[in-house]
Amino acid sequence: MSRDRPSGAGRFAPSPTGPLHLGSLLAATASYLDARAQGLAWRVRLDDLDRARNQPGAEREILTALESHGLGWDGPVVRQSEHQGRYRAALDRLAADGRLFYCRCSRSRLAGHRTYPGTCRAHTRPRRDSAARVRVEQTVVEFQDEIQGVQRHDLARETGDFVVLRRDGIVAYQLATAVDDGDPGIIRVVRGRDLLENTPRQVFLMQCLDLPVPVYAHVPLLVNAAGQKLSKQTHAPPLDLSRPRENLRRVLSVLGLAALAEDPPGSCEPLLAEAARRFSVAAVPRGDTTVTEFDRPGASGHRE
Ligand code: GLU
């Protein structure tokens, strides 16, 4: 891939749970264009901590799909499974600061509670067969999202104490992502709007760990007729790698670059280079785009 740029980077962080579909291409392209438009490096990180969800071959399929669409990354592909030492250090720091407690509450016990009821808060020493939760006191997390605007979240009231180490010993998504995106080399996080609800927890953890908070921009989604995000569950098929320019043109039009979407055929790279010259997160429309072609006739959730 192209040479490293020293000045900071954006990143795309898919989970290797299946091949990319049009919705994931939208997130990848937005983050790629945003980095390139600013002369930054673009990194790829595979969020592979949840081994049971990883699909054999998905990692290769994802990287092949990115390459087929001209989305070339900088530096080595990194995997969260290689970062266990960093996550342990972060957990140790949270524990040393008295922020962790060890929770054995089952899902059924927590059912019906909007936020964690505080049941295990007194268990501040590690104990077997428990999850680690971070204590959330009165904390208002505020950040400016470059597409969605100012975000203000009262974490104690709206989220409550949350899991940073799962009961099965797997580092929770919130902690792993906060540590990796809090790396001083990552300065911009551009990803799907569906992840926005996680961002206050990640910013909170970065603040607890004295990590720099990157700039965030959460892009709109591709949704089906029922308003659900395109995903494997909503029957979005893998990207058709024989039509990379068509795929790119579709996502460019969602990102406010409709004029480019009419370009004549050719390879992806010139299209992306032109898109990067014109791209600005500020010009990305906020609303989701409905795509109905993958909907199954009669599938539940159809709006009449
Ligand atoms: N790996 C997660 C996903 O694919 C999170 C990505 C992110 O934080 O950008 O949904």
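We count ligands from 1, going down the list as the structure has it; atoms in each ligand are counted the same way.
Residues meeting the side chain to side chain contact (heavy atoms under 4.5 Å, CB included) test with Ala176, sequence neighbours left out: Leu49, Gln80, Tyr87, Val171. Remark: Ala275 pairs with Leu33, Leu252, Leu257, Leu260 by the side chain to side chain contact (heavy atoms under 4.5 Å, CB included) rule, at least two apart or across chains. Applying the side chain to side chain contact (heavy atoms under 4.5 Å, CB included) rule to Arg93 yields the partners Asp97, Leu209, Asp210; only residues at least two apart in sequence or on another chain are considered.
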Dump all N/O pairs between ligand 1 and the protein below 3.5 Å as a table: atom names plus distance, one pair per row.
unit_1: ligand 1; atom_1: 1 (N); unit_2: Ala13; atom_2: O; d: 2.7
unit_1: ligand 1; atom_1: 1 (N); unit_2: Ser15; atom_2: OG; d: 2.8
unit_1: ligand 1; atom_1: 1 (N); unit_2: Asp47; atom_2: OD2; d: 2.7
unit_1: ligand 1; atom_1: 8 (O); unit_2: Arg11; atom_2: NH2; d: 3.1
unit_1: ligand 1; atom_1: 8 (O); unit_2: Tyr173; atom_2: OH; d: 2.8
unit_1: ligand 1; atom_1: 8 (O); unit_2: Arg191; atom_2: NH1; d: 2.9
unit_1: ligand 1; atom_1: 9 (O); unit_2: Arg11; atom_2: NH1; d: 2.9
unit_1: ligand 1; atom_1: 9 (O); unit_2: Arg11; atom_2: NH2; d: 3.0

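By the 4.5 Å heavy-atom criterion applied to side chains, Leu94 and Leu205 are counted as neighbours.
No side-chain donor-acceptor contact under 3.5 Å links Ser130 and His123.
With Phe294 as the partner, the side chain to side chain contact (heavy atoms under 4.5 Å, CB included) test is satisfied by one option alone out of Leu230, Asn224, Thr234: Leu230.
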